[in-house]
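Starting from 1, each residue takes its place in the sequence as its number. One-based numbering, in listed order, for ligands and for the atoms of each.
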Amino acid sequence: MKKVKVGIIGAGSIAQMGHLPFYQTHPDVELVAVTDLNLDRAKSVAEAFQISNVYGNVEEMFEKEPLDAVSICTINCTHVPIAKLALQKGISVLIEKPLAMNVEEALELEEVAKKSGKTCMVGMTHRFRHDAQAMKRFVEAGDLGDIYYVKAKILQRRNTPTGWFTDQSKSGGGPLMDIGVHVLDLAWWLSGQPKIQTVSGHLVQGIGNYHTIMQNRWESAEKLSTLESVFDVEDFASGYLRFTNGIVLLLEASWALNGPKDEGLKVEMYGTKGGLSLQPLCYYSEHNSILTETKLDIVPNNPHEAEIHHFVEAVKRNEKSLVPIDQGVRVMQMLESIAQSSKSQREIRISEK
Ligand SMILES: NC(=O)c1ccc[n+]([C@@H]2O[C@H](COP(=O)([O-])OP(=O)(O)OC[C@H]3O[C@@H](n4cnc5c(N)ncnc54)[C@H](O)[C@@H]3O)[C@@H](O)[C@H]2O)c1
């Protein structure tokens, strides 16, 4: 069978931890090239993963390598320009989250993707977790009845990432764009992707740069000290989203908050017949007029591996992926509206077609 020829763009933390190792374990993939503006980093990553070709810019890689697919693992402000270039060359793309800096950019990319006919997938890794997929089965089987309230949160106590993540011009925003996007997407997907109607948001830079020691944080490969880097984004975000089918979703995301230590990603769903929670993974209902609390027993998987392998299969069959661009655009619209609402101190009304 013909191998899927893959290129990696951006050889930083997520490429090394969440993409390269799992392309390597797919039997139908040939990792062909690595590109990074930092050529030394690209070279050392290529050596570590035994990849022959290294480039300092995407244009040159696209010119020289006949690729089928790329992973875009660069900083957020470069996602859309690079994805457009790739799709215009007939190359399928897996774009790390957040999809874009804003809705306008995301819509432009959607147009290019449609014209190309290639797979354009957004890296919403948590949809690939076994526990999330188990929840989805309960929802789709109707075990919740009509869902009317969903809580999505990811609250970290001191986990502000280093480097470009805190610079609005490069990241497009703080924890809302960085980790809020994960939990919002997951909760919205589990809820059956309802149409958004109104959005209220509240973004705050409450802690900012800090001197807290002996704590881990996500480290960009660009190891700028947080104390020296630009910090003009929020570190706490919340949103209150109403959907046309009556579901209301409460979102909370922080990098740094004076509360309990990092609880991880949490989703709670409440319906007329039952409820579900992610961490603990439980189904709450009533049986024979008795309250029940059922633990869902699943073996955890590596969602990064599942995501990469799913993308490869979608490329091989030229199929729509589990996270197609149009869904990424809709999530982008919610994120942007949360930030706009906070800025204008008003609820935003959206008419989704
Ligand atoms: N899915 C997840 O769970 C997850 C986790 C972490 C990060 N991410 C996302 O992955 C992306 C990268 O994050 P990271 O933590 O790896 O960042 P990083 O800073 O560690 O790495 C980014 C790399 O991209 C390179 N780069 C920047 N612009 C480039 C360009 N135009 N062409 C080629 N290379 C370029 C940088 O030199 C750097 O090596 C971000 O969008 C981030 O939001 C996703």
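Tested against Asp28, the residues Lys3, Lys2, Lys316 include a single salt bridge (charged side-chain N to carboxylate O under 4.0 Å, His left out) partner, Lys316.
Scored by the side-chain hydrogen bond (donor to acceptor under 3.5 Å, both in side chains) test, Asp178 finds Lys97, Trp255 as partners (sequence neighbours excluded). Residues meeting the salt bridge (Lys or Arg N to Asp or Glu O under 4.0 Å) test with Glu252, sequence neighbours left out: none.
Side-chain contacts under 4.5 Å among hydrophobic residues (ILVMFWY), followed directly or transitively, place Val204 together with Leu155, Phe236, Leu257.
Here the side chain of Ser92 pairs a donor or acceptor atom with the backbone of Thr119 at under 3.5 angstrom.
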Give every pair formed by an N or O atom of ligand 1 and a protein N or O atom closer than 3.5 Å, one pair per line with both atom names and the distance to 0.1 Å, or write none.
{"residue": "ligand 1", "atom": "1 (N)", "partner": "Glu96", "partner atom": "OE1", "Å": "3.0"}
{"residue": "ligand 1", "atom": "1 (N)", "partner": "Thr125", "partner atom": "OG1", "Å": "3.1"}
{"residue": "ligand 1", "atom": "3 (O)", "partner": "His182", "partner atom": "NE2", "Å": "3.4"}
{"residue": "ligand 1", "atom": "15 (O)", "partner": "Trp218", "partner atom": "NE1", "Å": "2.8"}
{"residue": "ligand 1", "atom": "16 (O)", "partner": "Ser13", "partner atom": "N", "Å": "3.1"}
{"residue": "ligand 1", "atom": "16 (O)", "partner": "Ile14", "partner atom": "N", "Å": "2.9"}
{"residue": "ligand 1", "atom": "19 (O)", "partner": "Trp164", "partner atom": "NE1", "Å": "2.8"}
{"residue": "ligand 1", "atom": "19 (O)", "partner": "Ser220", "partner atom": "OG", "Å": "2.5"}
{"residue": "ligand 1", "atom": "20 (O)", "partner": "Ser13", "partner atom": "N", "Å": "3.0"}
{"residue": "ligand 1", "atom": "20 (O)", "partner": "Ser13", "partner atom": "OG", "Å": "3.2"}
{"residue": "ligand 1", "atom": "20 (O)", "partner": "Ala221", "partner atom": "N", "Å": "2.6"}
{"residue": "ligand 1", "atom": "34 (N)", "partner": "Leu37", "partner atom": "N", "Å": "3.3"}
{"residue": "ligand 1", "atom": "37 (O)", "partner": "Asp36", "partner atom": "OD1", "Å": "2.6"}
{"residue": "ligand 1", "atom": "37 (O)", "partner": "Arg41", "partner atom": "NH1", "Å": "3.4"}
{"residue": "ligand 1", "atom": "37 (O)", "partner": "Glu222", "partner atom": "OE2", "Å": "3.2"}
{"residue": "ligand 1", "atom": "39 (O)", "partner": "Asp36", "partner atom": "OD1", "Å": "3.3"}
{"residue": "ligand 1", "atom": "39 (O)", "partner": "Asp36", "partner atom": "OD2", "Å": "2.6"}
{"residue": "ligand 1", "atom": "39 (O)", "partner": "Arg41", "partner atom": "NH1", "Å": "2.5"}
{"residue": "ligand 1", "atom": "41 (O)", "partner": "Thr74", "partner atom": "O", "Å": "3.3"}
{"residue": "ligand 1", "atom": "41 (O)", "partner": "Asn76", "partner atom": "OD1", "Å": "2.6"}
{"residue": "ligand 1", "atom": "41 (O)", "partner": "His79", "partner atom": "NE2", "Å": "2.9"}
{"residue": "ligand 1", "atom": "41 (O)", "partner": "Lys97", "partner atom": "O", "Å": "3.2"}
{"residue": "ligand 1", "atom": "43 (O)", "partner": "Asn76", "partner atom": "OD1", "Å": "3.4"}
{"residue": "ligand 1", "atom": "43 (O)", "partner": "Lys97", "partner atom": "O", "Å": "2.8"}
{"residue": "ligand 1", "atom": "43 (O)", "partner": "Lys97", "partner atom": "NZ", "Å": "3.0"}

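The existence of a salt bridge linking Glu47 and Lys43 is excluded, since no basic side-chain nitrogen approaches an acidic carboxylate oxygen closer than 4.0 Å.
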